[in-house]
Amino acid sequence: MARCGGRVLLALCAALVAGGWLLAAEAQEPGAPAAGMRRRRRLQQEDGISFEYHRYPELREALVSVWLQCTAISRIYTVGRSFEGRELLVIELSDNPGIHEPGEPEFKYIGNMHGNEAVGRELLIFLAQYLCNEYQKGNETIVNLIHSTRIHIMPSLNPDGFEKAASQPGELKDWFVGRSNAQGIDLNRNFPDLDRIVYVNEKEGGPNNHLLKNLKKIVDQNAKLAPETKAVIHWIMDIPFVLSANLHGGDLVANYPYDETRSGTAHEYSSCPDDAIFQSLARAYSSFNPVMSNSNRTPCHKNDDDTSFVDGTTNGGAWYSVPGGMQDFNYLSSNCFEITVELSCEKFPPEETLSSYWEDNKNSLISYMEQIHRGVKGFVRDLQGNPIANATISVDGIDHDITSAKDGDYWRLLAPGNYKLTASAPGYLAITKKVAVPFKPAVSVDFELESFSERKEEEKEELMEWWKMMSETLNF
Amino acid sequence: MGFLWTGSWILVLVLNSGPIQAFPKPEVSQDKSLHNRELSAERPLNEQIAEAEADKIKKTYPPESKQNESNYSSIDNLNLLRAITEKEKLEEEKQSIRSSPFGNKLNVEDVDSTKNRKLNDEYDSTKSGLDYKFQDDPDGLHQLDGTPLTAEDIVHKIATRIYEENDRGVFDKIVSKLLNLGLITESQAHTLEDEVAEALQKLISKEANNYEEALDKPTSGTEYQAGKIPEKVIPVAAIQDGFTNRENDETVSNTLTLSNGLERRTNPHSEDDFEELQYFPNFYALLTSIDSGTLSNTKHQEKILPKSEKEAKEKETLITIMKTLIDFVKMMVKYGTISPEEGVSYLENLDEAIALQTKNKLENNSTDSKSKLYPVPSEKSHEETDSTKQEAAKMEKEYGTLKDSTKDDNSNLGGKTDGAKGKTEAYLEAIRKNIEWLKKHNKKGNKEDYDLSKMRDFINQQADAYVEKGILDKEEAKAIKRIYSSL
């Protein structure tokens, strides 16, 4: 009987608390918006996107808000910590966050690698919120994009630098303060220089892809690498990224590989094997940005040499040589194609201009992501249907091979044209196929590779057949 | 034929010796290994958070903690917590880390209201005490001496309360109000009544037995029963006379101390008010406004007496209700139904609700005597309500200035509160949009009604994972979990 009463009491208590909660919920609302409004939404606000600079706490909160709003399609994770201990946060958007679906290509945006180049950071925060909003509104383009791609957005690779730059008093931010990480390392000169290696291999022969050997020695045990650099390298090695862009400021152009000149001079067009598709990719960004693609605009700075700029795009080496950059590192250590986008003449423009930067860039940002669904894609499997990971896909006439991922899936970005694709793997017989590639969408081409042992077996069987026939004929 | 055979072998050889590159094998591992590696290679997150919190706490909380203990020693109803306070002294250092998130959270959740920061901090250590108690017991269902806390204990506590107030009518009032609110059914009310009556009987007989022992022991700090004895002496005596036939010696000695007891009885009572209800400034303002209402009514002497009686009763009832509510909440916390922070938030919100209601009533100048929060008798004139208003306004001002001065001291936290409110609001908005979309989305797919509990579990899981990885603060995670659990 006591038990019964106890339960009644519990129910009572629960009911009281519930009643209290309802009260609380009502009581809180009138007061709260006023306080919130005053501090955070001073400037223009549109659909949850507040066009103002986000320091580290606000950045985190903004990403958490996106996650809370779109839990079904988003996930926040961190690839590591900056020198001063700030998380290098990434928000992932996909129909199955946290999971690589076989055949689903992986995309990344990285911003604010130079801490004082702030526009990229903000644009990526806006983009995350925008994608979530549009997805929920049923925007077909966005819905399809999120269902068919795994999008990773890292608003800031150098949060320490940003804090330094943002803390500067006055309107005009310095051209240099906050650029490097907390150790004073320029992250975009800090990556292992694989350009040098590939240039040697071009001359003397050698691999044309995946040039980063001995990850442990060159990365983990390398004291010269910043923690941010190491984190990104591991990230690149872990996820089979296909397409990427690296957002900067200080100019207005979409820059593509190679960044480092072959001869070592200051300016020299240094094309990579995939020059054609890279030009197309860069244009896919710049053409949607009215200011960037305007060939008649005045250069950002008086004595700038922008002679290399074509339709808002430029080859890296042609503009100026950059050794140890992240863009080329992506191309030469992994399957990922990356370009560098310079978003603003002013590295840290006034907050009021952020909404107009968003307007100028949002279509470009979406368009660029869609480029991932181009060229050729498919699976490499054996005759039993098992995936062959790390198979090599080479394209006749392009001296750059890519490899298949864990599930045997591969994505080969190609400009429109006719190509011969060859898939090969150790212990297997290579297969070559002819493919006609349109501008878009991607063409699906699968490979079923026969292993040597299988072929041997086949041959043995053939031999036995022949022997049998012979013996029958000759009455052995 | 032989040619064919040889030919095919040659082909195989040729293909075999073709340019097969030695491709490197980039680390092909799951995404998750990235995070595990990161956590083990870099400084453990928990450690870092704990460090940061400990630093924060050491700067802001040390002055508060000493006050806490002295306050709690005088609250006789919270006897369970006395032992905890003892333990708290020992565990203070460890607790600072644990209590800070709760402390911060409280500050963070604080609306502008009339509560000042100090009070909240004191209340913090209650929570931290409770929390500590929790973390010792996995199921949180133990008394001081380690025996499990049963349903019986809860009934017992209510009976104790009624016993103290020495007014069975209190129980009736509480139950009738709950019935009015629709929180319990008739049958539940009856069952409750039986339970409490039974417990009350037991209590009376127990107290009578303990009285002998209690006379030897002066008020001690740790005994669960003994602490109540001084106050209970007189009620025990009074009720004993009515209920059981006890030794005359006791009765005689009881009556001797009767007069003292009466005085003492009122004092602890008001002390009680002051201590516990201090946490509810709005409620306190309400109480005092009732008093001041009486005071201002000096002109109409004849009417005063019945009024003051009535008002005193009302006041008693309100206090009892409040205390009972506090007790309920504490029991629920002990029982593990809600977490300490939830309990505190609930009580705070209740206080705010009282403030709101009070304001509304004042504004409306309502003569509705049935109003449970503002029992203004219908005879009250405009003049009186004005003066009551003034009193309430004065009270608010007092608290306002108190709050301001605290704010000056801790302008950082003040600003933080503001911004944090915006953040919570943003999160709330985001969650709302999410739920909306999920409901719509599920309807389209002709699925069952949206499974909120699954979502809740998922969110809880994710929130915890995020806290571990340093993506969410502990307070944020708790807030988010709370928001989801209240849907």
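Letters A, B, ... are given to chains in the order of the sequence lines, protein chains preceding strands, and every chain is numbered from 1.
If you take CG on N434(B) and CD1 on I73(A), they are separated by 9.5 Å, rounding to the nearest 0.5 Å. The CH2 atom of W437(B) sits 14.5 Å away from the NZ atom of K137(A) when rounded to the nearest 0.5 Å. Distance check: T71(A) OG1 to L438(B) CG gives 5.5 Å after rounding to the nearest 0.5 Å. Summarising the geometry, atom CD belonging to Q69(A) is positioned 11.5 Å from atom CD1 belonging to I435(B); distances are rounded to the nearest 0.5 Å. If you take NZ on K440(B) and CD on Q136(A), they are separated by 8.0 Å, rounding to the nearest 0.5 Å.
Within the 4.5 angstrom heavy-atom criterion, no atom of E429(B) approaches chain A. Proximity to chain A is absent for every atom of I483(B), based on heavy atoms less than 4.5 angstrom apart. L89(A) touches chain B through its side chain: at least one heavy atom from C-beta onward sits under 4.5 Å away, while N, CA, C and O do not.
Here the side chains of K469(B) and E87(A) are not in contact, with every heavy-atom distance at 4.5 Å or above.
Under a 3.5 Å cut-off, the side chain of Y427(B) and the backbone N or O of L68(A) do not form any donor-acceptor pair.
When every heavy atom of Q462(B) is checked against every heavy atom of W67(A), the shortest pair comes out as CB-CZ2, 3.5 Å. Contact between S65(A) and A430(B) at its shortest, heavy atoms only, is O-CB, 3.3 Å.
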